[in-house]
Amino acid sequence: MAKHETSPENSTLSGASSAQSDERYLVPALIRGLTILQRLSGETRGLTLSEVAAALGVTRSSAYRLLFTLGHLGFVVFDADTKTYALGPEVLRLGYGYLASRDLVEVATPHLVRLRDRTGWSAHLGELQGRDVVYLARVATRRSIASTVHVGTRLPARATTMGRILLSGLSSDEVRDLYRDQPYSSEGGQGSLADLEAQLASDRANGVVVQNSGYEPGVASVAAPVRDTSGKIVAAINISAVALLTTETDLQGPLMAEVVATAQAISRDLGFKAEGEVDGAGATQPRHSAR
């Protein structure tokens, strides 16, 4: 992505990253809680309260408060018969989520590299987290253009191409629940919740989103959905180009076709088969939106 892509999120993340080595920012209670989970995930699958306290070097009452909090959140469970604590189901949910995310990145990355090479522009993979799209993978352009968007960057979903694609995979009820408490204004093109729902309905029908300086002046982007074996949209990919170095014809034509084809190829690798698909060419090209 080009140098025009600078966002407040990047500055925040950079600051947090540089602070990781400063012990002033460490939270002792959080460290102790995570240490408990690490101990329970080792060879000893069950620990008594006294063993936890001894391992942490804290009193039994402090250890109990930590275990009670972790149990309340589902990260540990207590066996009344053995009087021991073990890992809870919430740990598995996080673990499976992480593995699924890594599998997705591993599957998508070779396709993103080819997309970058065919289009000449940076290619990205993102997923929806709350009202943000979070970048999971990035393959930078080979052009001599500075890039400031990296893995982990968060951008507002409703304003970006990947975000709109991801939101289009939600039901109307899910969209309303997600944005129910968000204030709206006409500034920056932000309309009402009804406007958002209408836009997403169009995006859903089109199956691809094209923006030219829509979210950020000077940046053009094309995004398409990545689906799992059930057909659910689990991620989105896009390319980002410098608007002055591309044309509307390119965006609506060959660049859009490359992005859609790449998204379909990743989806097929994840087990998705489009309705009516009979060969390796994938589904019929979707209609496009230049909003």
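Atoms considered below: every heavy atom in the structure, side chains included; atoms not considered: hydrogens, waters and symmetry mates.
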Quick check: does any side chain N or O of [X] sit under 3.5 Å from a backbone N or O of [Y], one acting as donor and the other as acceptor?
| X | Y | value |
| --- | --- | --- |
| S41 | Q38 | yes |
| E51 | T48 | yes |
| R204 | L170 | yes |
| T141 | G120 | yes |
| S221 | I239 | yes |
| N206 | S202 | yes |

Should R118 and T262 count as side-chain neighbours, where that means a heavy-atom distance under 4.5 Å?
yes

Stepwise side chain to side chain donor-acceptor pair (under 3.5 Å) test for S171 and D173
CA-CA 5 Å; S171 68; D173 287 342; 5.3 Å; no

Any idea how Y85 and F78 line up, ring-wise: parallel (<30°), tilted (30 to 60°), or perpendicular (>60°)?
tilted

Can you classify the ring geometry of H72 versus F68 as parallel (below 30°), tilted (30 to 60°) or perpendicular (above 60°)?
parallel

Taking atom CZ of R142 as the centre, report whether more than 12 heavy atoms of other residues, nucleotides or ligands fall under 6.0 Å from it.
no

Will you find, in the side chains of Q129 and E127, an N or O donor that is under 3.5 Å from an N or O acceptor?
yes

Report whether L255 and V139 are members of the same hydrophobic cluster (ILVMFWY, side-chain heavy atoms less than 4.5 Å apart, transitive linking).
yes

Walk me through it: do D79 and T84 pass the test side chain to side chain donor-acceptor pair (under 3.5 Å)?
CA-CA 5 Å; D79 187 329; T84 59; 5.0 Å; no

Could you walk me through whether Q264 and R227 pass the side chain to side chain donor-acceptor pair (under 3.5 Å) test, one step at a time?
CA-CA 8 Å; Q264 291 174 342; R227 301 177 184 273; over 6 Å; no

Are R143 and W121 in a cation-pi setup, meaning NZ or CZ lies under 6.0 angstrom from the ring centre and within 45 degrees of the ring axis?
yes

Answer yes or no: is there an ion pair linking R114 with D117, defined by an N-O contact shorter than 4.0 Å?
no

